[in-house]
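Below, all heavy atoms of this structure are taken into account, side chains as well, without hydrogens, waters or symmetry copies. Whatever order the structure lists ligands and atoms in, that order sets their numbers, starting from 1.
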Amino acid sequence: MPNPLYDALFAPLATRETPFLTLPDTSTIAGADFHAMCARVAGALQVLGLEPGDRMAVQVEKSASALALYGGAVMAGVVFLPLNTAYTPDEVAYFLGDAGAKLLLADGAKAEALAPVTERCGTELMTLNADGSGSFAQATEAAPEAEAVDRAPGDLAALLYTSGTTGRSKGAMLSQRNLLSNAEVLVREWRFTEADVLLHALPIFHTHGLFVATNTLLLAGGSMILLPKLDVPALIRWLPKATSLMGVPTFYTRLLDDTRFTRDLVGHIRLFISGSAPLLAETHTAFEERTGHRILERYGMTETNMNTSNPYEGERRAGTVGFPLPGVTLKITDPDSGAPLPQGEIGLIEVKGENVFQGYWQMPEKTAQELREDGFFITGDLGRVDEDGYVTIVGRQKDLIIAGGYNIYPKEIELELDEAPGVLESAVIGVPHPDLGEGVLGVLVPTPGATPDPEAILADLTKRLARFKVPRALVVLPELPRNTMGKVQKNLLRDQFKDWFKG
Ligand code: MCA
Ligand code: AMP
């Protein structure tokens with residue numbers, strides 16, 4: 001019975017006796033053993049009554065068992081909904097309710113705080129801890145190894161939430177075909193083979209660590225060294241055993257900050273890839289000077305997987321995101337009229353291809369705003385294509401901050417700040433940050449006669465919002481700069497506070 005994503009990515013593991021995963025303690029998990037873990041997850045999901053098309057939300061620490069949840073979901077036809085481990089129970093509640101998730105898998109340490117939320121949402125709560133224990137772990141031990149169920153290429157494999165400019169997150173519906181077509185292209189374009197060992201230190205709740213990294217290595221028949229998070233000393237220990245690394249720009253700036261990161265250390269590496277946020281040209285240059293390697297920068301989105309990439313062979317041009325990938329059509333359009341612009345002009349980047357998602361979960365209007373009837377998706381990124389065909393991202397039309405590769409929508413934070421005691425209104429901006437690329441800064445305007453207490457406001461915010469979204473600092477201004485239409489001029493604020501996080 002066909003299940004295209006399973007057949008291409010996971011089925012080949014079933015007979016593989018060589019390691020698919022290497023863990024931080026140097027132990028390994030053979031392909032066949034990982035396949036069995038996935039099959040038991042699928043078996044447990046079936047015993048629990050989840051059917052193909054049901055949504056399973058997952059908020060667990062990174063581990064081999066956590067990765068097997070993805071494989072098990074693919075086998076059972078269950079839609080995989082991974083959640084950032086930093087999300088608070090309030091934030092998780094929104095995703096469970098919106099997606100109508102049948103099951104939430106969470107770390108045992110968070111179960112008590114999440115129980116009222118899952119009860120309210122009618123979602124079953126089970127636990128899976130990083131050490132492989134928990135009620136779901138027990139369920140998988142008792143479960144039979146299931147066979148993969150039948151799936152069509154257009155069936156949903158995953159629902160990944162992206163924050164929204166209006167403050168409400170939208171679930172990007174990704175089909176089996178969306179994921180598989182992109183993995184096929186990336187394996188070819190980046191020359192991944194079964195000889196590859198990827199050093200995997202990204203989170204597995206986002207497209208980058210979950211699909212770009214994992215799907216590509218699965219399809220190529222390669223293996224991964226699975227580290228729980230970015231930890232530079234661990235990276236330095238493991239780099240000599242790897243052939244490739246994928247990271248957000250912070251990975252590369254932090255490595256460069258360490259004197260042990262040398263050309264000798266990376267003699268075994270064939271490819272460094274960067275994405276999710278702009279890689280500064282100066283990082284690119286410093287990296288090449290230190291290691292002799294040119295980082296390959298690519299550009300993608302949750303809604304589209306990967307759209308463009310610098311070439312494997314040929315010039316990897318600093319400050320650009322390379323060419324549209326095979327199968328991806330990219331055009332630059334006028335933000336007002338939607339009409340295509342002449343080559344070289346700056347406009348909105350639109351993309352079309354098998355990689356482009358199926359729309360936003362239960363949001364037909366939002367889908368219609370961003371996904372044109374002819375299949376072009378309006379990315380919200382501003383860019384241009386130079387005469388050689390290289391795409392450069394020059395900015396964003398969407399009001400979005402990218403800190404350390406995490407997307408943060410100012411509106412969500414402004415809505416909270418506006419409610420804070422003594423605050424009349426607020427504006428949240430991203431300004432240059434030496435480690436994270438952009439850092440979140442909140443600007444407050446007090447209600448007449450009031451003196452807002454930034455520390456108390458931030459402490460309160462932390463209860464409701466994931467910490468990475470909480471502004472690193474709050475500043476108080478008598479008023480916000482506005483244009484004649486009354487719109488807040490965030491560009492002026494960004495300029496005024498551009499040095500806030502510097503030195
Ligand atoms: C952690 N903190 C952050 C971030 N990460 N603050 C802002 N932005 C962040 N990205 C805060 C924590 O809340 C905490 O705050 C403090 O920093 C230390 O936390 P810790 O966990 O120790 O941080 P870290 O381990 O140093 O993590 C930084 C990191 C990590 C390595 C940059 O965030 C990371 O792995 N980012 C990758 C994100 C990613 O995979 N993005 C791909 C999205 P406090 O001290 O207040 O408690 S997919 C995508 O964008 C598209 C599809 C694409 O093209 O890939
Ligand atoms: P997300 O919605 O989390 O998938 O983030 C997607 C956004 O990340 C894109 O719309 C871009 O704004 C940004 N992005 C991804 N890769 C790059 C890159 N190489 N350079 C600049 N921005 C990037």
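- The atoms of ligand 1 that sit less than 4.0 Å from any heavy atom of L230 are 31 (C).
- Nearest protein heavy-atom contact of atom 9 (C) of ligand 2 is D381 OD2, 3.3 Å.
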### Message
Between S244 and I273, does the side chain to side chain contact (heavy atoms under 4.5 Å, CB included) criterion hold? Intermediate values first, please.
### Response
CA-CA 8 Å; S244 49; I273 302 176; over 6 Å; no
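- The presence of a protein heavy atom under 4.0 Å from atom 53 (C) of ligand 1 is confirmed.
- By the criterion of a heavy-atom distance under 4.0 Å, neither the backbone nor the side chain of H206 is placed next to ligand 2.
- Proximity of T302 to ligand 2, defined as any heavy-atom pair under 4.0 Å, is shared by backbone and side chain alike.
- Using a 4.0 Å cut-off between charged side-chain N and carboxylate O, D374 and R372 make no salt bridge.
- In terms of protein heavy-atom proximity, atom 9 (C) of ligand 1 is nearest to A403 O, 3.4 Å.
- Atom 35 (O) of ligand 1 has P203 CD, 3.6 Å as its closest protein atom, hydrogens excluded (heavy atom only).
- For K469, the heavy-atom gap to ligand 1 stays at 4.0 angstrom or more.
- Within the 4.0 Å heavy-atom cutoff, T207 does not count among the residues contacting ligand 2.
- Among protein heavy atoms, atom 16 (N) of ligand 2 sits closest to S276 N, 3.1 Å.
- Counting the atoms of ligand 1 from 1 in the order shown, those under 4.0 Å from a heavy atom of L202 are 40 (O).
- Proximity of atom 29 (C) of ligand 1 to the protein is not indicated, since no non-hydrogen protein atom lies closer than 4.0 angstrom.
- In this structure, atom 33 (O) of ligand 1 has protein heavy atoms in its sub-4.0 angstrom surroundings.
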### Query
After noting the C-alpha distance and the side-chain angles of E365 and R168, does the key distance pass the salt bridge (Lys or Arg N to Asp or Glu O under 4.0 Å) rule?
CA-CA 13 Å; E365 284 165 18; R168 258 190 90 199; over 6 Å; no
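- Considering each of I408, T392, I402, the one bringing a non-hydrogen atom nearest atom 13 (C) of ligand 2 is I402.
- Looking at T304 and N355, their side chains never bring a donor and an acceptor atom within 3.5 Å of each other.
- When side chains are defined from C-beta on, R290 counts as touching L256, because their heavy atoms get closer than 4.5 Å.
- Given atom 6 (C) of ligand 2, the protein heavy atom at minimum distance is G300 O, 3.6 Å.
- When each of N310, D386, T392 is tested with R317 by the rule side-chain hydrogen bond (donor to acceptor under 3.5 Å, both in side chains), just one qualifies, namely D386.
- Taking each of G405, G404, A466 in turn, the one with a heavy atom nearest to atom 37 (C) of ligand 1 proves to be G404.
- At a heavy-atom distance under 4.0 Å, no atom of N305 approaches ligand 1.
- Near M301, meaning under 4.0 Å from any of its heavy atoms, are these atoms of ligand 1: 52 (C).
- When ring centroids are compared, F211 and F80 stay outside the 6.0 Å threshold.
- Ion pairing between E370 and K170 holds under the 4.0 Å rule for side-chain N and carboxylate O.
- Protein heavy atom at the shortest distance from atom 21 (C) of ligand 2 is P278 N, 3.4 Å.
- Remark: minimum distance from atom 17 (C) of ligand 2 to any protein heavy atom is reached at A277 N, 3.6 Å.
- The part of R298 lying near ligand 1 is the side chain, judged by heavy-atom distances below 4.0 Å.
- Comparing E297, H208, R396 against atom 20 (N) of ligand 2, the shortest heavy-atom distance belongs to E297.
- Nearest protein neighbour of atom 47 (O) of ligand 1, counting heavy atoms only, is R467 NE, 2.5 Å.
- With hydrogens and angles left out, the side-chain atoms of S309 and W190 include a donor and acceptor closer than 3.5 Å.
- Listed by number with element, the atoms of ligand 1 under 4.0 angstrom from any heavy atom of R472 are 15 (O), 46 (O).
- In terms of heavy atoms, G404 sits closest to V248 at O-CG2, 3.7 Å.
- Contact check for R270 versus F192: side-chain heavy atoms found under the 4.5 Å cut-off.
- Distances below 4.0 Å separate heavy atoms of T302 from the following atoms of ligand 1: 52 (C).
- Residue L279 does not touch ligand 2, judged by heavy-atom distances below 4.0 Å.
- When only non-hydrogen protein atoms are considered, atom 5 (N) of ligand 1 lies nearest to Y406 CE1, 3.9 Å.
- Nearest non-hydrogen protein atom to atom 1 (C) of ligand 1 is F468 CB, 4.6 Å.
- Scanning the protein heavy atoms around atom 42 (C) of ligand 1, the nearest turns out to be S276 OG, 3.3 Å.
- Donor-acceptor pairing under 3.5 Å is recorded for the side chains of N178 and Q358.
- Here M246 has no heavy atoms under 4.0 Å from ligand 1, in either its backbone or its side chain.
- Using a cut-off of 4.0 Å between Lys/Arg side-chain N and Asp/Glu carboxylate O, K366 and E303 are scored as not salt-bridged.
- Checked for salt-bridge contact, K502 and D499 meet the test: a charged N lies under 4.0 Å from a carboxylate O.
- Under a 4.0 angstrom heavy-atom cut-off, G209 registers as lying outside contact with ligand 1.
- Among H206, R254, M306, the residue whose heavy atom sits closest to atom 26 (O) of ligand 1 is R254.
- Residue-ligand proximity: R298 is placed with a non-hydrogen atom under 4.0 Å from ligand 2.
- When side chains are defined from C-beta on, M173 does not count as touching V79, because their heavy atoms never get closer than 4.5 Å.
- Checked for salt-bridge contact, R316 and E288 miss the test: no charged N lies under 4.0 Å from a carboxylate O.
- For the pair T207 and M306, the minimum side-chain heavy-atom distance is below 4.5 Å.
- Of all atoms in ligand 1, numbered sequentially from 1 with element shown, those under 4.0 Å from a heavy atom of K229 are 20 (P), 21 (O), 22 (O), 25 (O).
- Here the heavy atom of the protein found nearest to atom 1 (P) of ligand 2 is N407 ND2, 3.1 Å.
- Proximity of the aromatic rings of Y252 and F261 is defined here by a centroid distance below 6.0 angstrom, and this criterion is not met.
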